[in-house]
Amino acid sequence: MANYNVLTLSEPVADFVATTSPETINVQCSLTEDAQRKRVWAVCKAGGVPAHPYDGVRVLMTGDSLVTAMISGLVNDTEYGVRLFVEGAYGYQTALEGATAMATPRAGQFLGDMPDGGNAATISLKESGTDAVFVVTKHNYSGSGGTLIVRRNLYDKRKFNKSGAPSNYNGSDADTWANGSYLDLFDTAIKEKLIPVKINSRETSGATVLLSRKGFFLAASEILGPSAQFLEGDQLAYFGDDQSRIRTYNGVASSWLTRTCFSAGIVTLHVISTLGKLSNTNQYDKTHGSLPAFVLPPDMLFSIEPNADGSYSPIL
């Protein structure tokens with residue numbers, strides 16, 4: 001009779017994910033209950049996939065059904081191979097598919113760590129391949145955990161019709177544009193990172209509705225603070241003075257739409273000289289600028305070195 005061995009092997013890992021931050025690779029995977037398994041190790045090596053459990057930097061993964069590890073002290077802009085090894089009763093078990101990944105740490109700064117207020121940082125995102133600058137600021141939208149960015153200069157001058165919602169922002173052309181076709185201007189990598197948030201929006205009936213949006217216009221109170229007639233959110237740190245509310249289009253003081261509603265529809269913010277002034281006349285049948293706002297993850301990584309205009313570009 002031929003000789004043979006029978007081994008009861010440990011269950012393999014599942015849902016392996018490797019992400020990066022400066023000088024670090026973070027790994028995680030899912031596990032099922034398995035009496036044969038002792039430990040799971042993450043092994044990392046520059047330039048290629050580790051061949052065995054000691055072929056590189058070796059880190060013990062911790063957790064229960066979801067196990068994680070942080071491999072730190074790496075060199076930025078260097079590609080590393082990462083491989084997970086399950087340690088069982090009879091040695092180590094691994095695979096080339098499902099237990100390996102290539103990852104490259106990058107030097108950068110997190111969006112959530114950038115300054116706001118009067119010295120707010122700016123970031124540069126691509127809109128249809130062209131750079132657009134956004135201001136980083138803080139907000140109080142419940143449950144998002146993200147960082148608000150607002151278009152720094154007027155996007156363009158455009159006319160929004162009354163169709164759909166002449167007396168509220170919800171479902172208006174402006175709302176549809178900010179939460180829809182404008183988003184399509186972003187690269188797919190940016191669109192996938194946008195976080196939907198809950199925003200308050202007052203209707204002309206006096207009711208306030210809670211809307212879930214990825215793209216939206218700011219409310220008057222977020223720009224003017226308590227001096228606004230209706231409170232749909234706290235004043236944002238960036239709009240702390242009159243100067244910050246000046247927005248130009250082709251070098252000329254202009255106006256831009258908010259999501260706040262009075263009897264005639266959405267309110268415009270007219271910027272005259274150094275003052276921000278609200279008006280609720282002819283909002284839809286005149287052309288105004290727009291400052292769409294969005295929320296991105298606070299751990300989104302951006303370059304350390306600024307662009308020529310002082311903004312920072314994402315590391316994707």
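- Taking CZ of F216 as the start and CZ of F294 as the end, the distance is 8.5 Å to the nearest 0.5 Å.
- By the 4.5 Å heavy-atom criterion applied to side chains, E23 and P105 are not counted as neighbours.
- The closest side-chain heavy-atom distance from T258 to L218 is not below 4.5 Å.
- Proximity of a side-chain donor or acceptor of D116 to a complementary backbone N or O of V136 within less than 3.5 Å is not detected.
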- prompt: Checking side chain to side chain contact (heavy atoms under 4.5 Å, CB included) for the pair V59/W41: CA distance, chi angles, key distance, verdict?
  reply: CA-CA 6 Å; V59 178; W41 298 88; 6.0 Å; no
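- In terms of hydrophobic clustering, with Ile, Leu, Val, Met, Phe, Trp and Tyr side chains grouped at heavy-atom distances under 4.5 Å, M300 and L148 are assigned to a common cluster.
- Using a 4.0 Å cut-off between a side-chain N of Lys or Arg and a carboxylate O of Asp or Glu, D184 and K191 qualify as a salt bridge.
- Contact record, A69 with M61: CB-CG, 3.6 Å, taken as the closest heavy-atom pair.
- Between W177 and S290 the shortest side-chain heavy-atom distance falls below 4.5 Å.
- Within the 4.5 Å cutoff, the side chain of L31 has heavy atoms near those of the V13 side chain.
- Other residues, nucleotides and ligands contribute at most 12 non-hydrogen atoms within 6.0 Å of the CG atom of D64.
- A salt bridge is absent between D187 and K126: the closest approach of a Lys/Arg side-chain nitrogen to an acidic carboxylate oxygen does not fall below 4.0 angstrom.
- I315 and I304 fall into different hydrophobic clusters, where Ile, Leu, Val, Met, Phe, Trp and Tyr side chains are chained together by heavy-atom contacts under 4.5 Å.
- The pair R39-E87 meets the salt-bridge criterion, with a side-chain N (NZ, NE, NH1 or NH2) lying under 4.0 Å from an Asp/Glu carboxylate O.
- Of the possible donor and acceptor atoms, none in the side chain of Q109 sits under 3.5 Å from a partner among the backbone N and O of D113.
- With T94 contributing its side chain and L84 its backbone, the two residues share a donor-acceptor pair below 3.5 Å.
- Once rounded to the nearest 0.5 Å, the distance linking CG of L111 with OG1 of T147 reads 4.5 Å.
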- prompt: Does the side chain to side chain contact (heavy atoms under 4.5 Å, CB included) test come out yes or no for C29 and V67, once each step is laid out?
  reply: CA-CA 6 Å; C29 66; V67 292; 3.2 Å; yes
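- The minimum heavy-atom distance between L301 and R106, with the atom names listed, is CD2-O, 3.8 Å.
- Closest of all the heavy-atom pairs between Y238 and T137 is N-OG1, 3.3 Å.
- Ring planes of Y169 and F217: tilted class, angle from 30 to 60°.
- Y155 and I223 fall within the same hydrophobic cluster, defined by Ile, Leu, Val, Met, Phe, Trp and Tyr side-chain heavy atoms under 4.5 Å apart, directly or through other members.
- One N or O on the side chain of S221 and one on the backbone of E232 form a donor-acceptor pair closer than 3.5 Å.
- At a threshold of 4.5 Å between non-hydrogen side-chain atoms, the residues V82 and F16 count as touching.
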message: What verdict does the side chain to side chain donor-acceptor pair (under 3.5 Å) test give for R213 and N170, after you've listed the backbone C-alpha separation in whole Å, the side-chain angles of each residue and the deciding distance to 0.1 Å?
response: CA-CA 10 Å; R213 295 291 186 269; N170 183 16; 2.9 Å; yes
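- A salt bridge links R151 and E127; the closest N-O separation between the charged side-chain nitrogens and carboxylate oxygens is under 4.0 Å.
- Atoms NZ and OH, from K45 and Y80 in turn, are 12.5 Å apart once rounded to the nearest 0.5 Å.
- There is no path of hydrophobic side-chain contacts, each under 4.5 Å, that joins L74 to V43.
- Between the side chains of N307 and S313, at least one donor N or O lies within less than 3.5 Å of an accepting N or O.
- One distance of note links SG of C44 with CZ of R83; it measures 13.5 Å at 0.5 Å rounding.
- Atom CE of M70 has 12 or fewer heavy atoms from other residues, nucleotides or ligands within 6.0 Å.
- When hydrophobic clusters are built by joining Ile, Leu, Val, Met, Phe, Trp and Tyr residues whose side-chain heavy atoms come closer than 4.5 Å, directly or via intermediates, V75 is grouped together with V57.
- Residues I195 and P297 form a side-chain contact, since some pair of their non-hydrogen atoms from C-beta on lies under 4.5 Å apart.
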- prompt: Given the rule in the side chain to side chain contact (heavy atoms under 4.5 Å, CB included) test, do I123 and M114 qualify, once you have shown the distances and angles that lead to the verdict?
  reply: CA-CA 10 Å; I123 63 172; M114 293 183 180; 3.8 Å; yes
task: Before giving the answer on side chain to side chain contact (heavy atoms under 4.5 Å, CB included), spell out for F85 and Q93 the whole-Å C-alpha distance, their side-chain angles and the decisive distance to 0.1 Å.
output: CA-CA 6 Å; F85 291 85; Q93 180 180 345; over 6 Å; no
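- Of all heavy-atom pairs between L231 and G225, the closest is CD2-O, 4.2 Å.
- Under a 3.5 Å cut-off, the side chain of N179 and the backbone N or O of D175 do not form any donor-acceptor pair.
- Using a 4.5 Å heavy-atom cutoff, the side chains of S10 and V86 are in contact.
- With a 4.5 Å cut-off on side-chain heavy atoms, Y312 and S303 count as touching.
- The aromatic rings of Y54 and H52 lie tilted to each other, with the angle between the two planes from 30° to 60°.
- Summarising the geometry of A293 relative to V150, their closest heavy-atom pair is CB-CG2, 4.0 Å, with the distance given to 0.1 Å.
- The CD1 atom of I190 sits 6.5 Å away from the CG atom of L296 when rounded to the nearest 0.5 Å.
- One distance of note links CG of L194 with CD1 of I149; it measures 7.0 Å at 0.5 Å rounding.
- Proximity of a side-chain donor or acceptor of T24 to a complementary backbone N or O of T20 within less than 3.5 Å is not detected.
- Minimum heavy-atom separation, A18 to V27: CB-CG1, 4.1 Å.
- A salt bridge between R259 and E222 is present, with a side-chain N of the basic residue lying under 4.0 Å from a carboxylate O of the acidic one.
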